Protein chains: 2
Amino acid sequence: MISDAAIASPLSCRASLPAQAGRCASAAREPRRDAQREAAHAQRVAERLGLVLSSVEVQRRVVRAGDIVYQAGQRFTHLFVASTGAYKIVNLTRDGREQIVSVKFRGDWLGLDGIADAAHECDAVALDTGEVWAVPYAALVQACAVRPGLMTAFHEAMGRELARDRSSLMSVCTLPADARVADFLHDWAAALACRGLRTDQITLRMTRAEVGNYLGLTLETVSRALSRLAREGLIAFADGARREIVIPDAEALGEFVHDALAPATALQ
Amino acid sequence: MISDAAIASPLSCRASLPAQAGRCASAAREPRRDAQREAAHAQRVAERLGLVLSSVEVQRRVVRAGDIVYQAGQRFTHLFVASTGAYKIVNLTRDGREQIVSVKFRGDWLGLDGIADAAHECDAVALDTGEVWAVPYAALVQACAVRPGLMTAFHEAMGRELARDRSSLMSVCTLPADARVADFLHDWAAALACRGLRTDQITLRMTRAEVGNYLGLTLETVSRALSRLAREGLIAFADGARREIVIPDAEALGEFVHDALAPATALQ
DNA sequence: CGACCTTTTGATAGTAGTCAAATGAAGTGG
DNA sequence: CCACTTCATTTGACTACTATCAAAAGGTCG
């Protein structure tokens, strides 16, 4: 039905939507259901974590900011699950340059990229104090064979990660700098909200340079974007170092991101 | 060891590598091993396909350019494997904008993103005549429980896709327009090479607008980039419509991409 | 307090987007 | 078989955004 139209339609570059970035974020337009959804989601996260705990013997490990969960090049033997804390996934290259490709929170799996070639391709670094569970992959595979529920949950997690990567690709491809930063904050808040954590105030555990690296911007541009967002009242700073960011109205922030694409819509 | 250095190191935006984009592409600097590696890879792809065929009953389906393999919103019941042809994965949004998030070839799985929420999030559209196999997900899960080899192969495929998405994110984040287009072509050729297909000449089955959409550029910029690459002899056009692109020296193309980042390297 | 790091802000330059027009290829109907 | 339409592509001129370079201010920790 859409068959031919789909391939023939002209695709303008900025023609895309980021607002629905996370599955969680998509609820932002319906404030009523927000709380419900988030609670439900948080519960599902908890259930999945419980499922893992009950199926496989995991090794708990407390990490502090800067600690490496796993390192690129390491032989892949374990997967990790973030129980608490935040983590950055850094892809680094032979010539020493590095790129942050993802940020992880409670309930997310770490190390999935290592499965393909039996070696980790990225570093995973804790941004904060937290706890990770090390899950031996072999044991997980065995447990999955016995418990189809665990297998589908695991597949779900991988699929979710794919979807998340995609939406971040979309933001980077389509949003101007200010909106990209706004989207980043909005996503971060949404990720916390989905997990039942406080969302009105978030502590960036990354420097401007890191945020910029993640978003494909320079640190100066990130700084300017944050200043502009603050000037417009979409965010506020809670501390002197400007790492604590208050989001008075997450919906407004989402709207701002959405509006950045609106002009393109009109043309179509 | 790298622990603190990693988080403290200044991350400049353009500081990243795209040359290693695909796992396949990374072989480009070692021409000797290229053929071997690619042959080995092609065989592995064939083996994986055989594994699927022998484990699950699949439904073969021939598609032509523009045909939709699956559509966003559809209930997720089947996964698909590309046997031949090329496919674009299009993420479309409530307001009708669309973004090409991935391009798939022989051996790739389609629809993995649907597992997470039991519904497809993207459209998958054939760019060319080809054959896809529809694999009932339920049957796959059952087969995986019996055959751990299939499960790990499947996990591998998902992991590989994650890695690929990441590398494309990296290109988009870090490369200037010309290099981004060059990288796109280089990746495409590498993807074909990995599968044992001819790589010296590739037929773009996408319009400039589609390429631009995928790379986060406007169609004009893509056109200009192609013209410049042709002017420098890195590529050539084989037909009037300029869809057939000849790559006389894949290594040189890879080098061009790599050089786009060189200045940043020098500083570090 | 002083050294160091992060962040902010300004001035300037370069890249890519936007608008617009022309060319070329493909397909339609006379 | 050839005008005519339509769509993809190319190219130019101009604009806007973001990177770059540079300097200063604010925080943190010894």
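Note that these values count all heavy atoms, side chains included, but never hydrogens, waters or copies made by symmetry. Quantities reported herein were computed from a predicted structural model and do not represent experimental measurements.
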Please lay out, stage by stage, how B/Ser171 and B/Ser168 fare under the test side-chain hydrogen bond (donor to acceptor under 3.5 Å, both in side chains).
-> CA-CA 5 Å; B/Ser171 315; B/Ser168 77; over 6 Å; no
Walk me through it: do A/Glu161 and B/Arg166 pass the test salt bridge (Lys or Arg N to Asp or Glu O under 4.0 Å)?
-> CA-CA 11 Å; A/Glu161 178 153 356; B/Arg166 260 168 209 182; 2.9 Å; yes
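A straight line from CG of A/Leu217 to C1' of D/dC17 spans 11 Å, rounded to a whole angstrom. Spacing between atom CG of B/Asp239 and atom C1' of C/dG24 amounts to 12 Å, rounded to whole angstrom units. One interatomic measurement links the two molecules: CG of B/Asp178 to C1' of C/dG14, which rounds to 13 Å at whole-angstrom precision. The distance from atom CZ of B/Arg180 to atom C1' of C/dA16 is 9 Å, rounded to the nearest whole Å. Regarding B/Leu215, its CG atom lies at a distance of 12 Å from the P atom of C/dA16, rounded to whole Å.
Checked by atom type, the side-chain pair B/Glu131/B/Thr84 shows no donor-acceptor distance below 3.5 Å.
Listed by chain and residue number, nothing satisfies the side-chain hydrogen bond (donor to acceptor under 3.5 Å, both in side chains) test with B/Arg224 (two or more places apart in sequence, or in another chain).
Of the candidate nucleotides D/dT18, C/dG17, C/dC19, C/dG17 has the atom nearest to the side chain of B/Thr218. Proximity note for A/Glu220 (side chain, C-beta onward) versus C/dT7, D/dT9, C/dT9: the nearest is C/dT9.
If one axis is set at each end of the helix from C/dC1-D/dG30 to C/dG30-D/dC1 from five pairs, those axes are 30° apart, to 10°.
Only A/Ser223, A/Arg224, A/Ser227, listed by number, bring a heavy atom of residues 221-235 of chain A to less than 4.0 angstrom from any atom of DNA chain C.
Both A/Gly240 and A/Ala177 lie close to DNA chain D; mapped to their nearest nucleotides by heavy-atom distance, the more 5′-ward contact belongs to A/Ala177.
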